Amino acid sequence: MTTPVRVAVTGAAGAICYSMLFRIAAGEMLGKDTPIILQLIEIPQAMQALSGVVMELDDCAFPLLHGVEITDDANKGFKDANVAILVGGRPRGPGMLRSDLIQANGPIFTTQGKAINDNAADDIRVVVVGNPCNTNALIAMHNAPDVPRERFTAMTRLDENRAKTQLARKAGVLVSEVTNVGIWGNHSNTMFPSFEQIKIGGKAATDVITDREWLEGEFMKTVQLRGKAIIDARGASSAASAGNAAIDHIRDWSRPTPAGDWISMAVPSQGQYGIEEGLMYSFPVRCDGKGGYEIVEGLDLSDYAMEKIRATETELKEERDVVKDLLK
Ligand code: NAX
């Protein structure tokens, strides 16, 4: 029997996790032959609610779920973890600026970064979902000096999936026909879904959808503002689709990326495309199936794309400056 993979998840009593945990336990993230142990981390006030989630996990009798541990102590929660999904954080309250949210959430990620550094397994891989996810991942990475930097990532997969569906709809094809979707930069309104490299049925998306005005206008706006549209419609932020994207992120990081394609992950920049080294920036990446990945280099980017790519970099630098005291 394969040794179970330990998956640590924060914010486990929250909305995203309520859909995500059950799918992880069913084998949709690491495969139908990989047993897992869930290590669920919450704050003390949410432990009772979390115990209810665990009862429901128990009641599903998932064959692959070899154990569930719950704790409000990050050191215990990340003990021997192979995968960490950091969802938990404070939501943005009424009247709160983005910079207030960054400051409120920052300390959570220093604590969790240290706890990962001191307790996780040697092969730990981390994805941060809790917003502002790029900057939170940057903080966690800086507070985990013994963990290789490339193991820290932030999630832009929801933006990628959103872009895919919008393009498929417009072109009248199935989403599986849409490939090479790269999200650049920050998971925020400045994020750039670079349609110039996207392919639809193997052809350039710009040849299939010749309405450039739609690509630069409605398409970009729909993807960038989708989170708000969902809050307006549902009265609550994206939860099931965010959980699905986190599963996609870890699943696709764990297997080789199909030839010729790529996926989007926010990862520490090594200076590609002139993006400042060390920034947690979303790029198109290709995974090797052994836990490694490389940023796709050499893409031909127009002046229009470069301007967008720089604008989202500027925002990430500003966010980093707000939390500079938390970075080591
Ligand atoms: P909820 O408010 O339902 O759940 C958050 C949970 O985190 C709560 O149960 C809370 O008790 C817990 N928590 C708070 N501080 C914690 C800590 N220090 N350790 C462990 N747990 C802690 O929010 P939910 O809808 O689940 O969203 C979670 C986060 O995902 C938010 O920050 C949200 O902004 C972010 N999102 C990120 C997305 C992305 O694409 N990257 C999209 C969806 C979502 O907006």
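Just so you know, ligand 1 is whichever comes first in the structure, and atom 1 is the first atom listed for that ligand. In this text the structure is predicted, and so the values were computed from the model without any measurement.
Within the listing of ligand 1, atoms 41 (N) sit less than 4.0 angstrom from a heavy atom of Cys133. Below 4.0 Å from some heavy atom of Met155 lie the following atoms of ligand 1, by number and element: 39 (C), 40 (O), 41 (N). Set against the non-hydrogen atoms of Gly11, the atoms of ligand 1 under 4.0 Å away are 6 (C), 7 (O), 12 (C), 20 (C), 21 (N). With ligand atoms numbered from 1 in the order given, ligand 1 contributes 11 (O), 15 (N), 16 (C), 17 (C), 18 (N), 22 (C) to contacts under 4.0 Å with heavy atoms of Ile43. Within ligand 1, counting atoms from 1 as listed, the ones closer than 4.0 Å to a heavy atom of Ala242 are 42 (C), 43 (C). Short contacts between ligand 1 and Ser238, defined as distances under 4.0 Å to a heavy atom of the residue, involve ligand atoms 43 (C).
Contacts between His187 and ligand 1 below 4.0 angstrom, taking non-hydrogen atoms only, involve the side chain exclusively. Counting heavy atoms closer than 4.0 Å to ligand 1, residue Val87 contributes atoms from both its backbone and its side chain. Under 4.0 Å from ligand 1, the heavy atoms of Leu158 that appear belong solely to its side chain.
For the residue pair Tyr281 and Gln272, no side-chain donor N or O sits within less than 3.5 Å of a side-chain acceptor on the partner. Gln39 and Thr71 share no donor-acceptor pair across their side chains, judged by distance under 3.5 Å alone. Judged by distance alone, the side chains of Thr153 and Arg125 never bring a donor and an acceptor atom under 3.5 Å apart. Donor-acceptor pairing under 3.5 Å is lacking for the side chains of Asn136 and Asn131. A donor and an acceptor atom, one from each side chain of Glu277 and Ser269, are nowhere located under 3.5 Å apart.
In the displayed structure, Asp300 atom CG is contacted under 6.0 Å by at most 12 heavy atoms of other residues, nucleotides or ligands. Residue-environment remark: CG (Asp122) stays at or below the threshold of 12 foreign heavy atoms within 6.0 Å. Crowding of Glu276 atom CD: a count of heavy atoms from other residues, nucleotides or ligands under 6.0 Å exceeding 12. Shown here is Arg255, whose CZ atom has more than 12 heavy atoms of other residues, nucleotides or ligands within 6.0 Å. Heavy-atom neighbours of Lys203 NZ from other residues, nucleotides or ligands within 6.0 Å: at or below the threshold of 12.
Using 4.0 Å as the threshold, Gly227 has no heavy atom nearer than that to any atom of ligand 1. Between Gln112 and ligand 1 there is a heavy-atom distance shorter than 4.0 Å.
When ring centroids are compared, Trp262 and Phe283 stay outside the 6.0 Å threshold.
The protein heavy atom nearest to atom 5 (C) of ligand 1 is Gly89 O, 4.1 Å. Here the protein heavy atom with the shortest distance to atom 2 (O) of ligand 1 is Pro91 CG, 4.5 Å. Among all protein heavy atoms, the one lying closest to atom 23 (O) of ligand 1 is Ala15 N, 4.5 Å. At the shortest separation from atom 4 (O) of ligand 1 among protein heavy atoms lies Gly14 CA, 3.3 Å. Protein heavy atom closest to atom 18 (N) of ligand 1, with residue, atom name and distance, is Ile108 CG2, 3.4 Å. Looking from atom 45 (O) of ligand 1 to the surrounding protein, the closest heavy atom is Asn131 ND2, 3.6 Å.
In this comparison of Ile41, Ile16, Leu101, the heavy atom closest to atom 30 (O) of ligand 1 sits on Ile16. Checking Arg162, Glu42, Gln45, Met47 against atom 8 (C) of ligand 1, the nearest heavy atom belongs to Glu42.
Note that CG of Asn75 and NZ of Lys114 are 10.5 Å apart. Values are rounded to the nearest 0.5 Å.
Among the atoms of Arg90, none of the N or O lies under 3.5 angstrom from an N or O of ligand 1. Polar contact check, Ala46 against ligand 1: no nitrogen or oxygen pair lies under 3.5 Å apart. For ligand 1, one of its N or O atoms has an N or O atom of Val129 under 3.5 Å away.
In summary, of the residues considered (Thr156, Asp159, Thr312, Asn186), a side chain to side chain donor-acceptor pair (under 3.5 Å) with Ser282 occurs for Thr156 alone.
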Dump the intermediate steps for salt bridge (charged side-chain N to carboxylate O under 4.0 Å, His left out) on Glu218 and Lys221, then the final yes or no. CA-CA 5 Å; Glu218 199 179 323; Lys221 281 237 148 16; over 6 Å; no

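Atom 21 (N) of ligand 1 is approached by the protein to below 4.0 angstrom, counting heavy atoms only.
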